[in-house]
Amino acid sequence: MPTETPTPAPNTAVAAPRTASAEVRTDIPRFLPVAGHHEPAPFYLTADMFGGVPVELAGGPIDHLVGRPVADPHRHEVDEIYFLVSPHPGGARIEVLVDGDRHELTSPALLRVPAGAEHRFLTLEAEPGSYCFGLLLGGER
């Protein structure tokens, strides 16, 4: 006797078949050169990981960088989102220049830098455990 495959009811979610297993990366951070930066930047996610992802994530702790810029003004071909966090609200402050406009961020905060905009940031204050990450959207730097 033939068996029939049941048809899901309308508007019922059907789980997609599993096609891959989880992948773990421990080769992070990767220190890569970035135009305008004084030293290679620590990247935690790059466009060549996981079969090619459309974002890159760089950054790290900033409590040791107060008053010391990590880069000269520079540009990226993709949008970048600065992500500023600290253990306590208000525990970190950075100054971001974007095409000559000054923005002061206090943690927690996000700021989008449009593709092609000249930018740089300076840490004004940061308690231990404060981080600033740059999320580069759309691929490689």
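Residues satisfying the side-chain hydrogen bond (donor to acceptor under 3.5 Å, both in side chains) test with Arg102, not counting sequence neighbours, are Glu95, Glu104. Residues passing the ring pair (Phe, Tyr, Trp, His ring centres under 6.0 Å) test with Phe133, sequence neighbours excluded: Tyr131. The side-chain hydrogen bond (donor to acceptor under 3.5 Å, both in side chains) search around Ser130 returns none, not counting sequence neighbours.
Between the CZ atom of Arg93 and the OG1 atom of Thr106 there is a distance of 6.0 Å, given to the nearest 0.5 Å.
Contact check for Leu122 versus Arg120: side-chain heavy atoms found under the 4.5 Å cut-off. Side-chain contact between Met49 and Ile28 is present, with at least one heavy-atom pair separated by less than 4.5 Å. Looking only at side-chain heavy atoms (C-beta outward), His76 and Val34 come within less than 4.5 Å of each other.
Between Arg75 and Glu118, the closest heavy-atom pair is NH1-N, 3.5 Å. Between Val66 and Ala126, the shortest heavy-atom distance links the atoms CG2-N, 3.9 Å. Across all their heavy atoms, Pro87 and Pro128 have their closest contact at CG-O, 3.3 Å. The minimum heavy-atom distance linking Phe43 with Glu56 is given by the pair CE2-OE1, 3.8 Å.
Although no hydrogens or angles enter the test, the distance criterion places a donor-acceptor pair under 3.5 Å between the side chain of Ser107 and the main chain of Gly91.
Grouped by direct or indirect side-chain proximity (heavy atoms under 4.5 Å, Ile/Leu/Val/Met/Phe/Trp/Tyr only), Leu65 sits with Ile62, Val70, Tyr82, Leu84, Ile94, Val96, Val98, Leu105, Leu111, Val113, Phe121.
Leu124 and Leu97 are assigned to two separate hydrophobic clusters, defined by single-linkage of ILVMFWY side chains at heavy-atom distances under 4.5 Å.
Applying the side chain to side chain donor-acceptor pair (under 3.5 Å) test to every pair with at least one member in residues 29-41, sequence neighbours left out, gives these pairs: Asp27-Arg30, Arg30-Thr46, Arg30-Asp48, His37-His74, His38-Asp72. Note on residues 106-116: pairs passing salt bridge (Lys or Arg N to Asp or Glu O under 4.0 Å), not counting sequence neighbours, are Asp79-Arg112.
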